[in-house]
Amino acid sequence: MISAAVVEALKGYVPEENIFLQEEMAGHTTFRIGGPADCFLQLENEEQLQKIQRYLNLVEEPFFILGNGSNLLVSDRGYRGIIIQIGSKMNRIRVEGGRIVAQAGALLSQVSKTAYEHGLTGLEFASGIPGTLGGGVVMNAGAYGGEMSQIVTLVRVINKNGEVMELDNDTMEFGYRYSTIKNHPFTVTEVTMQLAEGNKEEIHAKMEELTLKRREKQPLEYPSAGSTFKRPEGHYAGQLIMEAGMRGFQIGGARVSDKHCGFIINTGNATAEDVRDVIEEVQAQVKERFRVDLEPEVIFLG
């Protein structure tokens with residue numbers, strides 16, 4: 001449990017109306033699952049993050065950086081520490097010729113829309129990804145042949161000492177659902193992307209095409225964290241799960257989607273334990289049948 005002294009210290013860095021105690025995390029994840037966090041902070045600017053991150057590391061208080069919660073499964077018990085949300089209060093986007101510079105809290109869908117509005121191509125793939133730009137860069141989010149590594153030129157981060165650093169594309173060491181930030185205590189605050197001039201009608205048509213594909217193939221009508229598993233080399237996770245006979249497999253309120261077996265969905269009352277049990281059973285069945293290890297793409301917290 002977070003101490004009263006830490007809460008009082010946080011009030012010196014963040015307006016009191018942006019500090020929430022025992023905040024239910026189900027309201028902050030696309031899975032709509034998760035118990036209370038000891039403390040939940042909504043940040044408004046980079047300076048707040050610098051001071052808070054420096055302080056929390058100094059007093060060794062655990063914390064987690066949250067965007068839109070689109071790739072996250074929070075324990076039913078919640079999180080014993082501080083959740084720092086970089087979201088709607090840090091979501092400014094600006095266009096500089098063929099470049100877009102945006103704060104980490106901007107939604108990928110909104111950044112993609114901004115690119116379209118300015119006739120810039122290269123971000124169409126991100127139009128239906130539900131996460132924030134910061135989270136998308138950390139995990140090198142991608143879909144339909146596009147990924148963040150193809151357009152990101154500079155990433156502004158805060159290290160554990162509260163210092164600003166700038167990482168170029170090479171330094172980010174992008175890989176499949178990976179960037180170097182996964183192995184370092186850095187928090188993304190701003191991203192610069194280089195796009196190309198394009199035809200607005202063609203850009204819009206591509207975005208509409210990808211939206212239609214998502215609606216047809218993904219269970220968007222249910223809460224989920226998107227693709228539950230990373231793509232195993234030489235295979236597709238959804239196909240392996242289907243061929244292992246796990247389509248529609250359900251424990252409690254968590255179910256392997258009938259529409260796309262790569263998704264585990266919340267049918268309405270799933271707990272985090274339900275989801276983890278389904279994940280583990282799917283992994284076991286695929287391993288037994290095909291000798292393939294499925295690695296979760298979902299982050300487990302708490």
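Since we're looking at a predicted model, the values are computed, not measured. Just so you know, residue 1 is the first one in the sequence shown, and it goes up from there.
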[X] side chain to [Y] main-chain N or O, any donor-acceptor pair under 3.5 Å?
X: R231; Y: Y236; value: no
X: N140; Y: S179; value: no
X: Q150; Y: M148; value: no
X: N57; Y: Q53; value: yes
X: R177; Y: G142; value: yes
X: N68; Y: T132; value: no
X: T153; Y: T192; value: yes
X: Q42; Y: K89; value: no
X: T30; Y: S224; value: yes
X: H260; Y: G262; value: yes

Check the surroundings of atom [atom1] in [X]: do more than 12 heavy atoms from other residues, nucleotides or ligands lie under 6.0 Å from it?
X: E201; atom1: CD; value: no
X: K160; atom1: NZ; value: no
X: E233; atom1: CD; value: no
X: K259; atom1: NZ; value: yes
X: Q22; atom1: CD; value: yes
X: E221; atom1: CD; value: yes

Let me confirm one number: the [atom1]-[atom2] distance from [X] to [Y], rounded to the nearest 0.5 Å.
X: S70; Y: L107; atom1: OG; atom2: CG; value: 9.0 Å
X: C39; Y: I84; atom1: SG; atom2: CD1; value: 9.0 Å
X: T29; Y: E24; atom1: OG1; atom2: CD; value: 11.0 Å
X: E23; Y: L41; atom1: CD; atom2: CG; value: 10.5 Å
X: M90; Y: L43; atom1: CE; atom2: CG; value: 6.5 Å
X: F31; Y: I264; atom1: CZ; atom2: CD1; value: 6.5 Å

Given E166, E190, E163, the one that forms salt bridge (charged side-chain N to carboxylate O under 4.0 Å, His left out) with R156:
E166
Residues which pass side-chain hydrogen bond (donor to acceptor under 3.5 Å, both in side chains) with [X], listed by chain and number, not counting sequence neighbours:
X: D170; value: none
X: H204; value: none
X: T114; value: none

Less than 4.5 Å apart, any side-chain heavy atom of Y178 and any of N183?
yes
Give the minimum heavy-atom separation between G238 and C261, together with the two atoms involved.
O-CB, 3.4 Å
Between H28 and F40 (judged by ring centroids, cut-off 6.0 Å), do the two rings come close enough to count as a pair?
yes
Polar side chain donor-acceptor pair, N18 to E44, under 3.5 angstrom:
yes
Is [X] salt-bridged to [Y], cutoff N-O under 4.0 Å?
X: D38; Y: R80; result: yes
X: E273; Y: R276; result: no
X: E47; Y: K51; result: yes

Reference residue M25; test side chain to side chain contact (heavy atoms under 4.5 Å, CB included); the match among L66, L73, I33
L66
With side chain to side chain contact (heavy atoms under 4.5 Å, CB included) as the test, would you mind laying out the steps for V278 and R255 before giving the verdict?
CA-CA 7 Å; V278 170; R255 180 182 179 91; over 6 Å; no
Quick check: is [Y] connected to [X] through a chain of hydrophobic side chains (ILVMFWY, heavy atoms under 4.5 Å apart)?
X: F290; Y: V282; value: yes
X: I151; Y: I100; value: yes
X: V164; Y: L56; value: yes
X: I129; Y: M172; value: yes
X: V157; Y: L49; value: no

Please test E46 against Q103 for side chain to side chain contact (heavy atoms under 4.5 Å, CB included), starting from the C-alpha separation and ending with a verdict.
CA-CA 9 Å; E46 188 178 83; Q103 290 184 302; over 6 Å; no
Passes salt bridge (charged side-chain N to carboxylate O under 4.0 Å, His left out), K213 versus E209? Steps please.
CA-CA 6 Å; K213 283 185 177 180; E209 175 192 345; 3.6 Å; yes
